K.L.:
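Sharing a structure here in structure tokens format.
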Protein chains: 4
Amino acid sequence: MTRRSRSNDAPTEAQRKIVEAAVSAFAEHGFHGTATRDIARRAGVAEATIFKYFPSKRDLLLGVLGPALEQLVGSALARSMEPLFSVTYPSFEAFLRALLAERVAFVRAHPRLVRILAQELPFDAELRAGIVSRVIAPFLTKGLAQIEQFQREGQIVGWPPPLVLRCIMSTFAGYILHRVFIAPDEAWPDEAEVERVITFLVRGLSPERPA
Amino acid sequence: MTRRSRSNDAPTEAQRKIVEAAVSAFAEHGFHGTATRDIARRAGVAEATIFKYFPSKRDLLLGVLGPALEQLVGSALARSMEPLFSVTYPSFEAFLRALLAERVAFVRAHPRLVRILAQELPFDAELRAGIVSRVIAPFLTKGLAQIEQFQREGQIVGWPPPLVLRCIMSTFAGYILHRVFIAPDEAWPDEAEVERVITFLVRGLSPERPA
Amino acid sequence: MTRRSRSNDAPTEAQRKIVEAAVSAFAEHGFHGTATRDIARRAGVAEATIFKYFPSKRDLLLGVLGPALEQLVGSALARSMEPLFSVTYPSFEAFLRALLAERVAFVRAHPRLVRILAQELPFDAELRAGIVSRVIAPFLTKGLAQIEQFQREGQIVGWPPPLVLRCIMSTFAGYILHRVFIAPDEAWPDEAEVERVITFLVRGLSPERPA
Amino acid sequence: MTRRSRSNDAPTEAQRKIVEAAVSAFAEHGFHGTATRDIARRAGVAEATIFKYFPSKRDLLLGVLGPALEQLVGSALARSMEPLFSVTYPSFEAFLRALLAERVAFVRAHPRLVRILAQELPFDAELRAGIVSRVIAPFLTKGLAQIEQFQREGQIVGWPPPLVLRCIMSTFAGYILHRVFIAPDEAWPDEAEVERVITFLVRGLSPERPA
DNA sequence: CATGAATGAGTGTTCATTCAT
DNA sequence: GATGAATGAACACTCATTCAT
């Protein structure tokens, strides 16, 4: 009844359940801390079924992260970030606001994937290389260019662009990790908080006071 | 009071080698990714010897992190942080400078422990609880008090103290993680960088411009 | 009588491909060393298709060897061996020559089946029983009778017929295995070699020198 | 109580039981047909104990065959074969007698190893290479030299030495396989049979009748 | 008829842990 | 006090086999 006629296109029902189960399990116990048997149980399939679709446990990890990252970061780059950096922002503040909104949306949509990614990155050179080249490098390139643009326009202080970008990203990361992982249940009337975070950055990075 | 409560005071030579081996191994491959056999090999002792001192692998993790944290964070609290917050700082800027210096020193002295801690915290509720109650909570208490003090003095903006503290810690974390984990080999002529980070925070958190 | 007893006579195209694939695979990796999945891949059919025709993997082995043996040994018995022993051979030498030629032809035509058979026989009592009763026993019966005939005619030495037959078969086996499995690529100008093998047997089994 | 103080020399009691169990099991069901669990059960040890001594199942196979071959073929080469070919045999017949006796002794002493070896050789290139280079090649070298010596002395026919050797080995193999594997329970008053086998070879390989 | 999907029972192997010496 | 030997339980992964479509 459930449609799945396409040979190479549509993922099976089981396949989807496996991925979902793997995401939960990895997020809860980490990659090494999760047994394939547990994933199978959660997914309601036999263990062997997992290996039908993912030749190894590691392929399951990649299969969980990869497509999601392509779909999310890839499309985030395509849909959100590309415009982010291609649009001429009226002001540094507007840029920050857009960047924060997009980052928040991403992490809120896939908090478990972010957690898994963060946990496995330090131990997985291949994963790291992939992420760096496919996500971080493009982001850095464009982000730094944008920073330089604002510097040329005299909107922000003339510090080295990587430092400026790091200040921005650290502040955003602190905000996002807090909201998503530490205090996810708190009410989110946080326009005020966003305003303050933006204000903090705008002030902190404002150009040297001209006499 | 600071005397170890264990029956015999001095840790054996073997014990020290085991802990050192465990630290390296956990830092390289994670807790789950490390086999006790490998730790034994690195330490040059028999596998059984590990279990003489640490009843279980998990106890080894705690034995690695716990005492180190007591010794380091505990003593950091005792030696550095306590004064940090008890001293009346002449200025917010001086406070930031001292706090950053102390954090940097801590992480630079024990980068592997920080890495292990960061990796295992999300999956280990007991560890989390311990760290929160023994390290974070006291820090928060005192840090927030200090922030409020500066606010009363009109040195910084009147935002909610937790937000202010998070801005500070995020910025510091970004700086430290970058310096220690990502670009550890770069030259460290970074007084300039420290200055800018401090400046960034001071400006970002400066009180509302009075007319 | 020679008609297949199965319900439908003609083996499917798929069936033939399966058998051929199984023969190659079993010959290359042995029965246990071959996965049905591999056979399916080689045959270009789905794994399930194999089980349509052969209820179990073991049935596939029998289906590979059995009919082939019937077709080959059976027909060899019918076409070659029967005449072999029913014809009155003019001489022991002629008998040897015919026997060797027929054996060589059989093994050269189906080297992979011979290999599979040799590999599985030691572990498969049922197979063994079948081969013994259907192939070896008839052959022995007739072979021994023939030997006795030559002994009565005084053409060969009066040793126990089984011993004589074993000398013959060992020598032939040594020749055939060498030619087919060990040095299959060597040129075959081996009439000379055949002559010598025959000569070896004729001399070795010649009757006691009468004074 | 059982002595096993030497670290690298003496095999443990368990180790010996494992090897013995593996030999039986492999001989009965073949390498692929034997589960390590069954070997463990037969040996009366835990499965993990097997892997203490033999890192993989394949290492167990090699550990079963290798040392035995060194001990047997190696020492057979040293004790039996070396003299076999270095001694100047008074006659071709004496040579045959010595060779057959030595081969029979080897196979009778270790029939299961011979069986295992014969079964795995076709599928195991590494094993094959090892056996060929360590056992067969030296044997061939010396055997062929000995044949040539007898030919120079005019004791045997001037056929190509490999062919002569093959005739000898085939005949011996036929005798040995029959006695050891097929009719192991028959009484062994077989001096008569040995005599006939030797006679068969001597006659079959006797030099061309001079006028 | 042929198959894609699924699986229960096993596979070889590794693990943290125990204990007699 | 330290260990070599041993292990039960679990691990990731494979297998021959089934069945709805």
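Order of the sequence lines fixes the chain letters, A, B, ..., with proteins taken first and strands second; residue numbering starts at 1 for each chain. Source: prediction; values computed, not measured.
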K.L.:
Reading 5' to 3' and counting Watson-Crick or G-U wobble pairs with both distances under 3.5 Å, write the dot-bracket notation for DNA chain F, | for bases paired outside the strand.
P.N.:
.||||||||||||||||||||
K.L.:
Could you please name the option among E:dT14, E:dA5, F:dA2 that lies closest to any side-chain atom of D:Phe51?
P.N.:
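Closest nucleotide to the D:Phe51 side chain: E:dT14.
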K.L.:
If we only count heavy atoms from C-beta on, is the C:Arg41 to C:Glu47 side-chain gap below 4.5 Å?
P.N.:
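Side chain of C:Arg41 against side chain of C:Glu47, heavy atoms only: no contact under 4.5 Å found.
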K.L.:
Has B:Lys57 got a side-chain N or O lying under 4.0 Å from the OP1 or OP2 atom of E:dA16?
P.N.:
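True: B:Lys57 side-chain N/O within range (under 4.0 Å) of E:dA16 OP1/OP2.
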K.L.:
May I ask you to test the B:Phe31-B:Ile116 pair for a side-chain heavy-atom distance under 4.5 Å?
P.N.:
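Side chain of B:Phe31 against side chain of B:Ile116, heavy atoms only: no contact under 4.5 Å found.
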K.L.:
Is the phosphate of F:dA2 approached by B:Tyr53 (side-chain N or O, under 4.0 Å from OP1 or OP2)?
P.N.:
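B:Tyr53 to F:dA2 OP1/OP2: side-chain N or O found under 4.0 Å.
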K.L.:
To the nearest Å, how far apart are B:Ile18 CD1 and E:dA16 P?
P.N.:
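That distance rounds to 14 Å.
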K.L.:
Round to the nearest Å and state the distance from A:Ile50 atom CD1 to E:dG8 atom P.
P.N.:
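One finds 12 Å between P of E:dG8 and CD1 of A:Ile50, rounded.
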K.L.:
Could you check how far NE2 of C:His32 sits from C1' of E:dT11, rounded to whole Å?
P.N.:
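It works out to 12 Å between those atoms.
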K.L.:
Within this structure, what is the CD-CG distance for the pair C:Gln119 and C:Leu61, rounded to the nearest 0.5 Å?
P.N.:
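Answer rounded to 0.5 Å: 12.0 Å.
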K.L.:
Tell me: NZ of B:Lys17 to P of F:dG1, nearest whole Å?
P.N.:
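Roughly 17 Å, once rounded to whole Å.
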K.L.:
Nearest whole angstrom, please: distance from the P of E:dA9 to the CZ of D:Arg37.
P.N.:
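Rounded to whole Å, this separation is 13 Å.
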K.L.:
Expressed in angstrom and rounded to an integer, what is the separation of A:Phe54 atom CZ from E:dA5 atom P?
P.N.:
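Nearest whole value for this atom pair: 13 Å.
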K.L.:
Using the side-chain heavy atoms of B:Ala48, tell me which of these nucleotides is nearest: E:dT7, E:dA2, E:dT18.
P.N.:
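Of the candidates, E:dT18 comes closest.
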K.L.:
Less than 4.5 Å apart, any side-chain heavy atom of A:Phe26 and any of A:Ile39?
P.N.:
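Yes, side chains in contact.
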K.L.:
Counting any heavy atom closer than 4.0 Å, what does D:Ala35 reach on the DNA or RNA strands: base, sugar-phosphate only, or nothing?
P.N.:
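Here D:Ala35 touches the backbone only, sparing every base.
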K.L.:
How long is the gap from NZ on A:Lys57 to CG on A:Leu62, to the nearest 0.5 Å?
P.N.:
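Spacing of NZ (A:Lys57) from CG (A:Leu62) equals 12.5 Å.
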K.L.:
Just N and O in the side chain of A:Thr36: are any of them under 4.0 Å from OP1 or OP2 of F:dA12?
P.N.:
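Looking at the OP1 and OP2 atoms of F:dA12, one of them is under 4.0 Å from a side-chain N or O of A:Thr36.
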K.L.:
Can you check whether D:Glu28 reaches C:Phe123 side chain to side chain, under 4.5 Å on heavy atoms?
P.N.:
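Side chain of D:Glu28 against side chain of C:Phe123, heavy atoms only: no contact under 4.5 Å found.
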K.L.:
On DNA chain F, compare the nucleotides closest to D:Ala46 and C:Phe31; which residue's is nearer the 5' end?
P.N.:
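The 5'-side residue here is D:Ala46.
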K.L.:
Between atom CG in A:Leu61 and atom C1' in F:dC13, what is the gap in whole Å?
P.N.:
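Checked: the CG to C1' distance equals 17 Å.
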K.L.:
Tell me what B:Ala14 touches on the nucleic acid: a base, only sugar-phosphate, or nothing, going by heavy atoms under 4.0 Å.
P.N.:
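Here B:Ala14 touches no strand at all.
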K.L.:
Looking at side-chain heavy atoms only, is the closest gap between C:His110 and C:Arg115 below 4.5 Å?
P.N.:
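They are not in side-chain contact.
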K.L.:
Nearest-nucleotide wise, let me know which of D:Val45 and A:Ser56 is further upstream toward the 5' end of DNA chain F.
P.N.:
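Closest to the 5' end, via its nearest nucleotide, is D:Val45.
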K.L.:
For D:His29 and E:dG12, what is the distance between atoms NE2 and P respectively, to the nearest whole Å?
P.N.:
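Rounding to the nearest Å, NE2 of D:His29 and P of E:dG12 are 13 Å apart.
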